[in-house]
Amino acid sequence: MRPCTLLVACALLGQIAAGSPAGLRRVAITIDDGPVVGEPEDLEAFQRVSRGLIDSLRAEGAPATIFVNERQLNVPGQRDGRASVLEWWLDAGFDLGNHTYSHPSLNAVPFRVFADDVVKGEVVSRPLLEKRGRRLLWFRYPFLHSGTTPEVHEQILAFLAERGYRAAPVTVDYADYAFAGVYRSQLRGGAADVAAKIGEAYLAQVDAGFEYAERASVDVFGREIAQILLIHCNELNARTLRESLARIRARGYQFITLDEAMRDPAYERPDTFAGPGGTWLSRSAAVLGRTITVARPPMPQWITELSARGNRS
């Protein structure tokens, strides 16, 4: 066999061993702070943002898992209307995960307080899934904080396992929330031109975020792994998600379920990381003693300044 042919064959075998078809990148879409973050009063806006996300995902044929903070459902006079939004997600074929009731940080509250919030966060979601013959499997740490000491970290892992959860990691996080607040403020304040500019900057950040994760995964694992994207249930994504997904697809990605992504051998290692939080890439680098050589993409300075000025243009 000629040297070049041998190299190609080795590359193909490597991709097959990693569970990925040759030349095909894969990503699971996960959306935190569901059903809608930042809409504590307006039921119509709450429903509109939810519908925008659902319709975008369905149009692009992208599976997704939405991680729910059930506190968002607990609005007097709107509880049934808000809870019905979770049924929209399930009826559309998507999955629900627990993101706690009120989004506390395990690194900032006692373990028992956090554990109680986890249980409180499944009161609506678990029965809705079980009614459909499904189960509540996935859990996502708020802020990606899983305890600052090995003792607390092991304690939460044991607790989650006891309740039948698997913790869902993240590899791609381009801080959509940093754009979302100013976008919503400008849009609802009548500055549609500024909101459009923010949307354009956000879409550019999608590519930068994926490029970082692709290169970082090579640093840590020696190859590109099945990626897991973290974004949030907000108006920015409700309006731009189809464009984001088109950009991701243009990078060669196939959209897969979270369960499929977790079959990648990169996620087989037990999560022993205790510290300030971070993605699966940074956690794995710390535990395995490897260095991520690529710098994280910076936030556009004007976005930071716009936010600091109280979201005024």
Side-chain angles (χ1 to χ4, degrees), residues 7 10-12 14-15 17-32 140-141 143-146 167-180 198-232 236-237 240 243-256 258 261-269 271-305 307:
L7 288 173
C10 289
L12 290 172
Q15 288 172 317
S20 175
L24 186 65
R25 290 168 162 170
R26 301 174 303 151
V27 61
I29 309 298
T30 67
I31 315 180
D32 281 12
R140 169 71 53 69
Y141 299 108
F143 308 103
L144 305 183
H145 291 171
S146 59
V170 172
T171 61
V172 186
D173 176 9
Y174 38 79
D176 64 310
Y177 52 85
F179 295 85
I198 294 168
E200 292 170 3
Y202 172 57
L203 290 171
Q205 200 79 352
V206 172
D207 281 308
F210 269 89
E211 182 176 358
Y212 169 82
E214 290 153 7
R215 294 173 62 185
S217 65
V218 173
D219 284 340
V220 178
F221 297 104
R223 61 182 176 85
E224 289 190 24
I225 65 175
Q227 306 288 356
I228 300 175
L229 171 65
L230 164 61
I231 55 176
H232 295 80
L236 172 62
N237 285 316
T240 64
E243 295 172 85
S244 295
L245 295 177
R247 283 179 177 249
I248 296 167
R249 185 179 283 112
R251 298 186 70 85
Y253 282 92
Q254 175 190 14
F255 300 116
I256 60 176
L258 179 56
M262 291 292 288
R263 296 174 196 167
D264 189 301
Y267 302 107
E268 291 179 353
R269 177 186 61 78
D271 184 11
T272 58
F273 178 86
T279 70
W280 188 251
L281 297 174
S282 62
R283 287 169 178 259
S284 297
V287 170
L288 299 174
R290 294 170 188 168
T291 301
I292 296 177
T293 60
V294 59
R296 292 188 64 85
M299 183 63 54
Q301 183 63 31
W302 68 273
I303 294 287
T304 303
E305 292 173 352
S307 180

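On a predicted model such as this, the values are computed, not experimentally measured, just so you know. Starting from 1, each residue takes its place in the sequence as its number. Side chains are part of it too, since the values below use all heavy atoms of this structure and drop only hydrogens, waters and symmetry mates.
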Within the structure provided, determine whether Leu229 and Ile31 are in side-chain contact (heavy-atom separation under 4.5 Å).
no
Would Glu214 and Arg251 pass as an ion pair if we require N to O under 4.0 Å?
yes
Min side-chain heavy-atom separation Phe179-Met299 under 4.5 Å
yes
Is the closest side-chain donor-acceptor distance between Ser146 and Arg283 under 3.5 Å?
yes
To check you understand the geometry: which heavy-atom pair defines the closest contact between Pro300 and Gln205, and what is its length?
CD-OE1, 4.0 Å
Nearest heavy atoms of Ile303 and Ala178, plus distance in Å:
CG2-O, 3.7 Å
For the backbone of Leu281 and the side chain of Ser284, can you confirm whether one donor and one acceptor N or O come within less than 3.5 Å of each other?
no
Looking at side-chain heavy atoms only, is the closest gap between Val170 and Trp280 below 4.5 Å?
no
Could you please spell out the steps behind the side-chain contact (heavy atoms from CB on, under 4.5 Å) verdict for Val27 and Gln254?
CA-CA 6 Å; Val27 61; Gln254 175 190 14; over 6 Å; no
Look up atom CD1 in Ile225 and atom CZ in Arg25, then write down how far apart they are to the nearest 0.5 Å.
12.5 Å
Look only at the side chain of Thr240 and the backbone of Glu243, and say whether a donor-acceptor pair between them is shorter than 3.5 Å.
no
For the residue pair Asp176 and Asn237, establish whether any side-chain heavy-atom pair is separated by less than 4.5 Å.
yes
Between Asp264 (side chain only) and Ala226 (backbone N and O only), is there a donor and an acceptor less than 3.5 Å apart?
yes
Could you walk me through whether Val206 and Ile248 pass side-chain contact (heavy atoms from CB on, under 4.5 Å), step by step?
CA-CA 8 Å; Val206 172; Ile248 296 167; 4.0 Å; yes
Kindly give the heavy-atom pair with the smallest separation between Phe255 and Arg249, and that separation in Å.
CE1-NH2, 3.3 Å
Side chains of Ser244 and Tyr202 in contact at under 4.5 Å (non-hydrogen atoms)
yes
Can any side-chain N or O of Thr171 pair as donor or acceptor with the backbone N or O of Ile228 at less than 3.5 Å?
yes
Which class fits the ring pair Tyr177 and His232: parallel under 30°, tilted 30 to 60°, perpendicular over 60°?
perpendicular
Between the side chain of Arg215 and the main-chain N/O of Val294, is any donor-acceptor distance below 3.5 Å?
no
Side chains of Met262 and Pro169, heavy atoms from C-beta outward: is any pair under 4.5 Å?
yes
Just by distance, no angles: are the side chains of Arg223 and Ser217 close enough, under 3.5 Å, to form a donor-acceptor pair?
no
No-hydrogen, no-angle side-chain donor-acceptor test under 3.5 Å, Tyr141 and Asp32
no
Report yes if the side chains of Pro297 and Glu211 come closer than 4.5 Å at any heavy-atom pair, otherwise no.
no
Does the pair Val287 and Arg269 meet the rule for a side-chain contact (heavy atoms from CB on, under 4.5 Å), with working shown?
CA-CA 10 Å; Val287 170; Arg269 177 186 61 78; 3.8 Å; yes
Within the 4.5 Å heavy-atom criterion, are Leu258 and Thr30 side-chain neighbours or not?
yes
What about Tyr174 and Tyr212, are their ring centers closer than 6.0 Å?
no
Between Trp302 and Ala201 the two heavy atoms that sit nearest each other are CZ2-CB, 3.8 Å
Give the C-alpha distance, both sets of side-chain angles, the deciding distance and a yes or no for side-chain contact (heavy atoms from CB on, under 4.5 Å) between Ile292 and Val220.
CA-CA 7 Å; Ile292 296 177; Val220 178; 3.8 Å; yes
Closer than 4.0 angstrom, basic N to acidic O: yes or no for Asp173 and Arg296?
no
